[in-house]
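A note on names: the letters A, B, ... follow the listed sequences, proteins ahead of strands, and every chain is numbered from 1.
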Amino acid sequence: MTAEDYVRRVSLELGDLPWRQRRDLVAELEAHLAELPEETNFHERLGAPERYAADMRSAAGLERRRGLVAFLRARRPRNLILLVVTLAAIGLAIGAVAWIDSYQPIVFAGGTQLPPDSKPSAGQAGATVVFRRGRPFEYGITIHNDGRFTARVLGVPRSATDFFKARLYVNTPSPAENELPLERFRPFDLHPGETRWLVWKGVYACTTGMGGGGGGITTEAIAVRLGFLWRTTTVLIPLSDPLTITFPKGCPSKRVAPPTP
Amino acid sequence: MDQAQLLKGVLELAVLAVIARGETYGYEILSTLELAGLDGVGDASVYGTLRRLEQAGHLTSRLEPSESGPARKYYVVTPVGREELRVGLEAWSRIGGALGELLKP
């Protein structure tokens, strides 16, 4: 073992000490080794470097330091690796949580089941239908999971601008989106690439306070409650075919209990 | 009882005594101690003792440039150090006498 090797190993053993103390001890050791005759076998004369380091500590009255500061100070490759790995793991965890919180894969799939007697809207996309209190109402849209992970469709919240009393239905999963065996809505998993119909069937009803005549509402997006891992959120699915309802006779402000979808 | 344990307690006295004979440096002190029969103490302890004595003001040092390697540190005992040595040796003989008495059959 050369003098440099010996000094290096002792220095490593003293890694937890403040750099000034370590520097002084190492300098002392270097001077000591320089005084020894040339052919000295350092290991034999001084003992193992680790042992010499321990002797230096006890001679100087220095305890082995513990704690985070000493750990970082020791600057062994192992410690640095542990530190980097820990920081990377924390970074990944934060990134993962942020991603999960923003995951929203549901889109409007382009399919619309229009209410009976609807007509294409004038001067804009979508259709228009005239409100007729008590008459049958039916409306459906397709939603599609555009992402890579399954999301759970938990429900469609009632809206203050709902103009109908209806039940919500969903079709059983099928490869051809035109098949419509419908059943009452229950929360379901929408898998990546899957498309499903959400259909409301009921009657026109005034559930909002819309006085006067000649008004209209355009539904441009549907609110859907989604669950993904631990997160529940309500997302707005924009519709490329909005539905406009006109109220030539208005909608008297009568509070009606909203039906359950 | 382990000789090393006993030696640690008197190492400061021994080191001061060696240097009091005349200016000297680390390795020479080690050899002198060894020749005198104090060889169980370990190099690190001797160098640690030198540093402590210098910090306490019992020794001063100077650097002598050397042709073969880094400068060598030479130590001398200070007046304070001599006083310490005197007091220490007195205490040592007192203790040695007492122990001798106790060890008598």
K.L.:
Nearest heavy-atom pair of A:A59 and B:S45: which atoms, and what distance?
P.N.:
CB-CA, 3.9 Å
K.L.:
Does atom CD of A:E183 have more than 12 heavy-atom neighbours from other groups under 6.0 Å away?
P.N.:
yes
K.L.:
Heavy-atom cut-off 4.5 Å, strictly under: side chain, backbone, both or neither for A:L25 against chain B?
P.N.:
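Contact with chain B involves the side chain of A:L25 alone.
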K.L.:
Quick check: do A:H32 and B:L50 have side-chain heavy atoms less than 4.5 Å from each other?
P.N.:
no
K.L.:
What heavy-atom pair brings B:G48 and A:E28 nearest, and what distance separates the two atoms?
P.N.:
N-OE2, 4.0 Å
K.L.:
Give a yes or no on whether B:R51 atom CZ has more than 12 heavy-atom contacts from other residues, nucleotides or ligands under 6.0 Å away.
P.N.:
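Yes, enclosed.
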K.L.:
Under a 4.5 Å cut-off applied to non-hydrogen side-chain atoms, are B:I29 and A:E35 in contact?
P.N.:
no
K.L.:
What distance do B:L30 atom CG and A:L36 atom CG have between them, rounded to the nearest 0.5 Å?
P.N.:
7.5 Å
